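What follows is one structure encoded as structure tokens, with my remarks underneath.
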Amino acid sequence: MAFKIVSSQCTSCSACEPECPNMAISEKNGTFVIDPAKCTECINYFDEPQCVAVCPVDDTCIIDNNYPRYVA
Amino acid sequence: MASQIISLSSIATPNNGVDLDEIMQQKAEHQGCGTSGGSGKASCGTGAGQGDLAPEIWEKVKNHPCYSEEAHHHYARMHVAVAPACNIQCNYCNRKYDCANESRPGVVSEKLTPEQAAKKVLAVASTIPQMTVLGVAGPGDPLANPEKTFKTFELISKTAPDIKLCLSTNGLALPDHVDTIAGFNVDHVTITINMVDADVGAQIYPWIYYKNKRYKGREAAQILTDRQMQGLEMLTERGILCKVNSVMIPGINDHHLVEVNRAVKSRGAFLHNIMPLISAPEHGTVFGLNGQRGPTAQELKSLQDSCEGEMNMMRHCRQCRADAVGLLGEDRSAEFTTEAVMAMDVEYDLESRKAYQSLVEQERQATADAKRAELETLAGEQSDVKILIAVATKGSGRVNEHFGHATEFQIYEASASGAKFVGHRRVDLYCQGGYGEEEALESTVIRAINDCTAVFVAKIGGCPKASLEAAGIDAVDRYAFEYIEQSVIAYYRDYLDNIRSGAIVHGQRGDAEIRQGAYVAA
Ligand code: SF4
Ligand code: SF4
Ligand code: SF4
């Protein structure tokens, strides 16, 4: 399971990119995207998902229900 | 080339041999005599000259438009937008759009890589030889993007070593980077400090991101203020000049800013810049949407005045954008888009920049001399009459702008102690609302300078002149192309004479409005 970025809301500020412990976030065509294969929901690293914590726009980094929850 | 240079048409012709020795001599004399405004404390930045500043500090600020009120008429700055990320949220900022309060273009505007930024700096420096300062101010927080910010500094310090580097930050990450900042010889840092009390802070900052965690409310504000104070102390210990910016938010921190002023002064801040909150619903900020108003011109001035006894106050800040280019009060960034810059063939000519800047020094010296001579005519004057005068200028310290072309007016306070720059009023935004010229004048320009007794212009038409007179503002073109401060003093002297002879009656003027919006490229 993974987080995803709602691209219509992303300001492309890049704040989330360096905070991800799994380097799951990158820039694609002007907005930022999360690679679901790499995202671990920050489990085992931090108490809260870093992309959510740093993102200036509420509800932009959200759970992607297309994937099962990550199990550590 | 010469035709591209900013508003220096009034300067001595560039081909009358520049004698550097003579200029250095004049400069030395100038520094020795401390030409402070006459009212004791220099009003904004370093006021009219070195005043009571230590020589090593004067050396750092004298050509810096943001630190020296006098220099801001003559020298230009530029910002490069290399830092999009931020680590806090402020209620006066919506990260999607241009932030009017913190020199920040919206993140939708052009972002630069450090390499593009370095090229842009060279291009601008070659086109505008009086560009002496490069700042990184956003669009987010430079220290939330340390790699991009420091890479930019590294590239520029290699290719254009004469350009001063500065940065402005919210302070949260500052203590972690002070040594790197010192290592790049960054000698000016601006910290935005809006509070020193977490209860006040909680009303300004909904959250911060610190050490991999999002903090909210009082706790967030407490961490922020602790980090800001620590960062400020660390910088001043290392001899790096610090300017503190505060956004004045009526009802939230307006009275509290006097305490902020004391706190930052005791930690060695060099200059305090209190800026009006800029807030409108269309900005989409928390304050814009909840109807939080900004201060009026009088409220702002009286807070600045009450802090002035304490330390240097800056009143010439234009709250410019993170990608602004040019003299304060103008923005030439539209000339230097990434596309245009990348296509430019830039040659960095240090020698011609120096020669040009020494001409600027001559002009600046002449301005100071003229002011001093005029001030002598006020010697012994006891009157406590004070008036405000609006001036249309394109720079160089002269009355050299047409009334109809002015996008801002500089405001001077004239009193028995001389002429003092006290602020500026922006008027161009008012004219964008589709008003006819006549309406724009009546409803907007007059509102912006309603507290002034007179407006000095290089030229003005009959119609606007009549409208101004009807509003009780004297439109004056007899000082066209003269030095501003000298003219302000001369006008004041005549004004006093006219009161005494009974030709006019001195009355109080009303309040004025502060424009809403950051400087944007036209
Ligand atoms: S939740 Fe954590 S691991 Fe997943 S993308 Fe966000 S920062 Fe990276
Ligand atoms: S922090 Fe949020 S707004 Fe910024 S790039 Fe990441 S997802 Fe987009
Ligand atoms: S510090 Fe600047 S960029 Fe960051 S939220 Fe505040 S105003 Fe916006």
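Below, read A as the first sequence line, B as the second, and so on, with proteins coming before strands; counting in each chain starts at 1. Nothing here was measured: the structure is a model prediction, and the numbers come from that model. Below, all heavy atoms of this structure are taken into account, side chains as well, without hydrogens, waters or symmetry copies.
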Side chain proximity check, [X] to [Y], heavy atoms < 4.5 angstrom:
X      : Y      : answer
A:S14  : B:K148 : yes
A:F46  : B:K213 : no
B:N212 : A:E19  : yes

Residue part contacting chain A, namely of B:K216, when any heavy atom lies under 4.5 Å: neither
More than 12 heavy atoms of other residues, nucleotides or ligands under 6.0 Å from [atom1] of [X]: yes or no?
X      : atom1 : answer
A:D47  : CG    : no
A:N29  : CG    : no
B:E147 : CD    : no

B:R214 side chain vs A:V52 backbone, donor-acceptor pair below 3.5 Å: yes
Spacing of B:D141 atom CG and A:C13 atom SG [to the nearest 0.5 Å]: 12.0 Å
Closest-packed option against chain B by number of heavy-atom pairs under 4.5 Å, given A:C16, A:P21, A:A15, A:A53: A:A53
